[in-house]
Amino acid sequence: QVQLVESGGGLVQPGGSLRLSCAASVSIFSINAMGWYRQAPGKERELVALITRRGSTNYADSVKGRFTISRDNAKNTVYLQMNSLKPEDTAVYYCNAVRATTAEAFYPEVWGQGTLVTVSL
């Protein structure tokens with residue numbers, strides 16, 4: 001059973017930065033697309049960034065230019081560098097493999113606690 005553990009969230013002021021980490025219990029070497037999702041209170045979970053095995057990336061328009069997703073296959077870890085944070089970025093952030101055709105999570109059964117990012121003065 002794959003386990004995905006997110007960390008790195010916290011309280012940050014607008015304009016600040018955070019780096020999130022997602023540690024996988026299994027190798028991600030063969031997984032094509034890994035991504036970060038977020039869910040704000042009262043909102044549906046949305047995909048905000050993904051990265052393929054070849055290093056191709058895609059971002060939601062709301063975070064483009066501010067967030068950078070990366071992966072270290074040797075460490076079985078995916079990262080999300082978040083810069084110029086805005087209050088509207090406040091959400092619980094989750095990682096998962098991404099189905100390329102639908103943007104759905106590949107492992108919907110392993111949604112965990114995520115890591116909370118709060119952007120506020």
Side-chain angles (χ1 to χ4, degrees):
Q1 178 66 54
V2 63
Q3 292 179 311
L4 301 167
V5 180
E6 302 91 348
S7 63
L11 175 64
V12 65
Q13 295 182 9
S17 298
L18 286 172
R19 191 192 193 203
L20 308 184
S21 297
C22 169
S25 63
V26 298
S27 175
I28 64 169
F29 179 81
S30 62
I31 299 176
N32 183 39
M34 294 292 297
W36 284 93
Y37 300 77
R38 69 184 182 187
Q39 186 168 28
K43 304 290 186 179
E44 293 186 351
R45 185 183 291 110
E46 63 173 341
L47 179 66
V48 298
L50 68 83
I51 183 168
T52 70
R53 189 170 178 268
R54 290 176 56 86
S56 178
T57 59
N58 281 293
Y59 300 92
D61 288 340
S62 59
V63 307
K64 193 172 298 182
R66 300 186 296 117
F67 290 10
T68 302
I69 187 171
S70 61
R71 63 194 289 174
D72 188 333
N73 293 330
K75 296 181 178 179
N76 297 320
T77 302
V78 184
Y79 304 96
L80 186 67
Q81 178 67 46
M82 305 184 296
N83 299 325
S84 302
L85 283 162
K86 304 175 180 179
E88 51 263 45
D89 295 319
T90 296
V92 178
Y93 285 71
Y94 306 86
C95 68
N96 216 306
V98 181
R99 294 186 181 273
T101 57
T102 66
E104 296 177 342
F106 196 85
Y107 302 107
E109 73 278 9
V110 301
W111 293 118
Q113 294 297 115
T115 186
L116 175 63
V117 172
T118 302
V119 185
S120 179
L121 292 171

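The shown structure was predicted, so the numbers you read here are calculated from the model rather than taken from an experiment.
Counting only residues at least two apart or on different chains, no disulfide (SG to SG under 2.5 Å) pair has a member in residues 39-74. Residue pairs satisfying the side chain to side chain donor-acceptor pair (under 3.5 Å) criterion with at least one member in residues 4-31, sequence neighbours excluded, are listed as follows: S17-N83. Applying the salt bridge (charged side-chain N to carboxylate O under 4.0 Å, His left out) test to pairs two or more places apart or on separate chains, those with a residue in residues 33-49 are R38-E46, R38-D89. Applying the disulfide (SG to SG under 2.5 Å) definition to pairs two or more places apart or across chains, none involves residues 27-78. Identified under the salt bridge (charged side-chain N to carboxylate O under 4.0 Å, His left out) test for residues 98-121, with sequence neighbours left out: none. Within the structure, no pair that satisfies the salt bridge (charged side-chain N to carboxylate O under 4.0 Å, His left out) test touches residues 67-82, not counting sequence neighbours. Among residues at least two apart or in separate chains, disulfide (SG to SG under 2.5 Å) pairs with a member in residues 27-108 are C22-C95.
In this structure, OG1 on T118 lies 6.0 Å from CG on L11, to the nearest 0.5 angstrom. To the nearest 0.5 angstrom, T57 atom OG1 is 14.0 Å from F67 atom CZ. To the nearest 0.5 angstrom, T115 atom OG1 is 10.0 Å from Y94 atom OH.
Not counting sequence neighbours, K86 has no partner by the salt bridge (charged side-chain N to carboxylate O under 4.0 Å, His left out) test. A search for ring-ring contact (aromatic ring centres under 6.0 Å, His included) contacts involving Y37 returns W111, not counting sequence neighbours. In terms of the side chain to side chain contact (heavy atoms under 4.5 Å, CB included) criterion, residue partners of T68 (sequence neighbours excluded) are, by chain and number, Y59, Q81. For the side chain to side chain contact (heavy atoms under 4.5 Å, CB included) test, residues two or more places apart in sequence or in another chain that qualify with V110 are Q1, V2, L4, N96, Y107. Applying the side chain to side chain contact (heavy atoms under 4.5 Å, CB included) test to V12 and every residue at least two apart in sequence or in another chain returns L18, L85, V119.
When hydrophobic clusters are built by joining Ile, Leu, Val, Met, Phe, Trp and Tyr residues whose side-chain heavy atoms come closer than 4.5 Å, directly or via intermediates, I28 is not grouped with V98. V5 and V117 are assigned to two separate hydrophobic clusters, defined by single-linkage of ILVMFWY side chains at heavy-atom distances under 4.5 Å. Note on M82 and M34: same hydrophobic cluster, where clusters join Ile, Leu, Val, Met, Phe, Trp and Tyr whose side-chain heavy atoms are under 4.5 Å apart, directly or indirectly. Clustering ILVMFWY residues whenever any of their side-chain heavy atoms sit less than 4.5 angstrom apart, transitively, puts L116 in a cluster other than the one holding L80.
Residues T52 and L50 approach most closely at CG2-CD1, 4.3 Å, considering heavy atoms. Nearest heavy atoms, A91 versus A40: CB-N, 3.8 Å. The two residues G35 and I69 make their nearest non-hydrogen contact at CA-CD1, 4.1 Å. Residues I31 and A97 share a closest heavy-atom pair of CG2-CB, 3.8 Å.
Remark: Q3 CD is loosely packed, at most 12 non-hydrogen atoms of other residues, nucleotides or ligands lying under 6.0 Å away.
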